Colleague: 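Okay, here's the structure, questions in a sec.
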Amino acid sequence: MKNDSTSKFIDRSFECILLICVAVSVLTSASVIALLGKESISFFTEVSLSDFLFGTRWEPLLEPKRFGVLPLVAGTLFIVFGSVLIALPAGLLVAVYLSEYSPKRLREVLKPIIEVLAGVPTVVYGFFALSFVTPTLKAVFPTTEIFNALSGAVVVGIMILPMISSLCDDAFKAIPNSLREGGYAVGATKYEMVTRILIPASGVRIGAALILAVSRAIGETMAVTLAAGATPKLFVNPLESIQTMTAYIVQVSLGDTPAGGIEYQTCFAVGTLLFLMTLTLNIFGAKLMKRMPVGLSS
Amino acid sequence: MTSNQPIIETQNLSIWYGEKKAVNSVSMKLFKNRVSAIIGPSGCGKSTVLRMLNRMNDFIEVLRHEGKILINGQDIYNKKLDPVDLRRKVGMVFQRPNPFPKSIYKNIIWGPKVNGLKYEPDFLVEDSLKKAALWDEVKDRLHSSALALSGGQQQRLCIARTIAMNPEVILMDEPCSALDPRATSKIEELITTLRDEYTIAIVTHNMQQASRISDVTHFFYEGELIETGLTESLFTKPTEKRTEDYITGRFG
């Protein structure tokens, strides 16, 4: 016989514990947002929003101080576009191979190997950029600087590749087999089936994968700090040093900038902008991920 | 029977899934402009045999077969023959309607387009939809998504899509199993009108359906072809005990 009062007590306590866990995560998010907000507000009492958003020079640590965030945004965008340009086609092709071409046994070996790429600590990618990618680039383009934007984009591309290939693979797997057979039954080759049925039918979810990967590339910190350097530039030369938004935050956090000063608050202003960018992309990407063409769910 | 030359013929066809033998030495003939029904209980190998006829089983890694399949006297598993060419001539309609997630119009022209056939798109769309008895219902929304159609309409669209390739043979793998009775009777009506132009092989677990629409019936049981006969005589005076047991509902 079950003891009723004991089991009721356990049941209630369990619910309580769950509630506490939820509360802790919600409170953490809320306090992060509050902190970002508070420091940003005091930053924007001294620097106007339009100077920050549209200013073309970012020199917060030198006199005269300038707080135009565009050079940092330009650095981040270069890394995003460069890495996506590498990772999207490669990731898509990897996913097509894994999902449609590879024999089952090979797939079971290949998939975890590719996913290992996602588990490598990002600082290792930074190191990989400095010790391998940059020297390789230098061999091809002798003017390449030690810290350069291209190297950063390449390693971030390698980092987000498994994410894209894995999400695209999921997207392809979600397409019912009957749709492939429908294509074959009217005389399509595998290539025609993949390019004209499978990829278009997965379009929404490939888009979602892309957005989530972009969000990851925007937030990437360690690898770009190590690979791409700390020189804010509005007009990016791929072979020269740049600075991304995240790399700037690292620079200030590690330096001897006193807490409370305007230089210190720049971190929060940049952080807020970064947070808003990735939040928007994540919400958008998650929404797309859920959407499937009607009738394809079976 | 008008013609004694079978359009499709299997000779001692045996099929294995891995170690398991699913079909045992089936020799079956399908004749031109006839509707041939393949009936039998679940797991008797009838769909497996049907899917061999346009090499749809090529995509199943663990499947292997012995014996020959001839279409117009030509061995379709001959290494020189491209299965893609075969499937242009031998179309297939599946258990669940599987229109492409594109417009009705594009569903029809998709096959001829990827195969580089010569066609006049508007005519082809109208002609195929008329033959599939779907034209009147969809002529005002040809460019809306095929997925918005009802299940029965989707299945007729899939038949139209098959017809658009102008195949010699149309294979149907339980085409009504996912449809309601009204949609089913429309498809059955359609099949009887298609026999004039095409050779049709239909797998079905519905014996009434087989007796209504087919000229010839093949009864499969446990991977073997037990009995073949004109539909009328097979259903009224079967020669095999197992056929009789099945059609009188003693099992399956």
Side-chain angles (χ1 to χ4, degrees), chain A residues 95-111 168-209 288-298, chain B residues 51 53-62 82-102 106-117 128 145-151 154-155 157-167 170-173 178:
Chain A
V96 165
Y97 181 76
L98 284 181
S99 156
E100 306 301 317
Y101 285 83
S102 71
K104 210 173 157 209
R105 277 195 187 161
L106 188 59
R107 174 191 161 87
E108 279 162 10
V109 177
L110 286 179
K111 213 171 145 82
C168 289
D169 185 48
D170 292 346
F172 296 152
K173 286 276 166 255
I175 299 291
N177 221 6
S178 63
L179 203 60
R180 295 177 177 83
E181 292 186 332
Y184 292 133
V186 290
T189 61
K190 201 160 198 171
Y191 172 76
E192 287 156 353
M193 191 285 293
V194 167
T195 53
R196 299 200 198 181
I197 294 178
L198 194 70
I199 292 179
S202 315
V204 175
R205 288 185 61 164
I206 295 173
L288 275 186
M289 208 70 207
K290 280 189 199 139
R291 225 178 71 188
M292 280 289 283
V294 200
L296 275 186
S297 45
S298 62
Chain B
R51 291 168 57 93
L53 304 181
N54 66 342
R55 294 188 57 173
M56 209 45 107
N57 285 338
D58 284 16
F59 305 104
I60 301 173
E61 279 177 49
V62 296
D82 185 349
V84 171
D85 291 330
L86 170 72
R87 292 187 201 115
R88 287 175 197 158
K89 283 185 283 184
V90 184
M92 188 165 214
V93 177
F94 299 84
Q95 270 192 35
R96 294 187 148 270
N98 57 350
F100 304 133
K102 300 173 190 289
K106 282 186 178 156
N107 261 276
I108 304 285
I109 61 172
W110 197 86
K113 196 172 165 187
V114 298
N115 283 292
L117 305 185
S128 310
S145 171
L147 300 178
L149 298 174
S150 72
Q154 288 190 5
Q155 195 62 303
L157 177 63
C158 292
I159 294 174
R161 178 175 78 185
T162 308
I163 290 171
M165 289 295 293
N166 194 27
I170 301 177
L171 307 174
M172 298 187 175
D173 188 2

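These figures come from a predicted structure and were not determined experimentally. Each chain gets a letter, A, B and so on, in the order its sequence line appears, and its residues count up from 1.
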Colleague: Mind listing the closest non-hydrogen atom pair of B:F100 and A:G183 along with its distance?
Modeller: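 For B:F100 versus A:G183, the nearest heavy atoms are CE2-N, 3.5 Å.
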Colleague: Is atom NZ of B:K102 surrounded by more than 12 heavy atoms (other residues, nucleotides or ligands) closer than 6.0 Å?
Modeller: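 Buried by this count: over 12 neighbours within 6.0 Å.
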Colleague: Ignoring hydrogens, what is the shortest heavy-atom contact between A:G182 and B:R161? Give both atom names and the distance.
Modeller: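 For A:G182 versus B:R161, the nearest heavy atoms are CA-NH2, 3.7 Å.
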Colleague: What part of A:K190 gets closer than 4.5 Å to chain B, counting heavy atoms only: side chain, backbone, both or neither?
Modeller: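 It is neither, since no heavy atom gets under 4.5 Å.
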Colleague: For the OH atom on A:Y101, are there more than 12 heavy atoms of other groups (residues, nucleotides or ligands in this structure) within a distance under 6.0 Å?
Modeller: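 Result for OH/A:Y101: enclosed.
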Colleague: Which one, A:E192, A:R196, A:R180, leads in non-hydrogen pairs under 4.5 Å with chain B?
Modeller: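 Looking at each of A:E192, A:R196, A:R180 in turn, A:R196 comes out on top.
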Colleague: When you measure from the side chain of B:N98 to the backbone of A:N177, do you find a donor-acceptor pair of N or O atoms at a distance under 3.5 Å?
Modeller: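 No, because the side chain of B:N98 does not come within donor-acceptor range (under 3.5 Å) of the backbone of A:N177.
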Colleague: Could you look at B:M165 and say if it's the side chain, the backbone, both or neither that has a heavy atom under 4.5 Å from chain A?
Modeller: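 The side chain, not the backbone.
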Colleague: With a 4.5 Å heavy-atom cut-off (strictly below), which parts of residues 53-61 of chain B touch chain A? List them by number.
Modeller: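 Listed by number, the contacting residues are B:M56, B:F59, B:E61.
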Colleague: To the closest 0.5 Å, what do you measure between CG (B:D85) and OG1 (A:T189)?
Modeller: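 Rounded to the nearest 0.5 Å, the CG-OG1 separation comes out at 11.0 Å.
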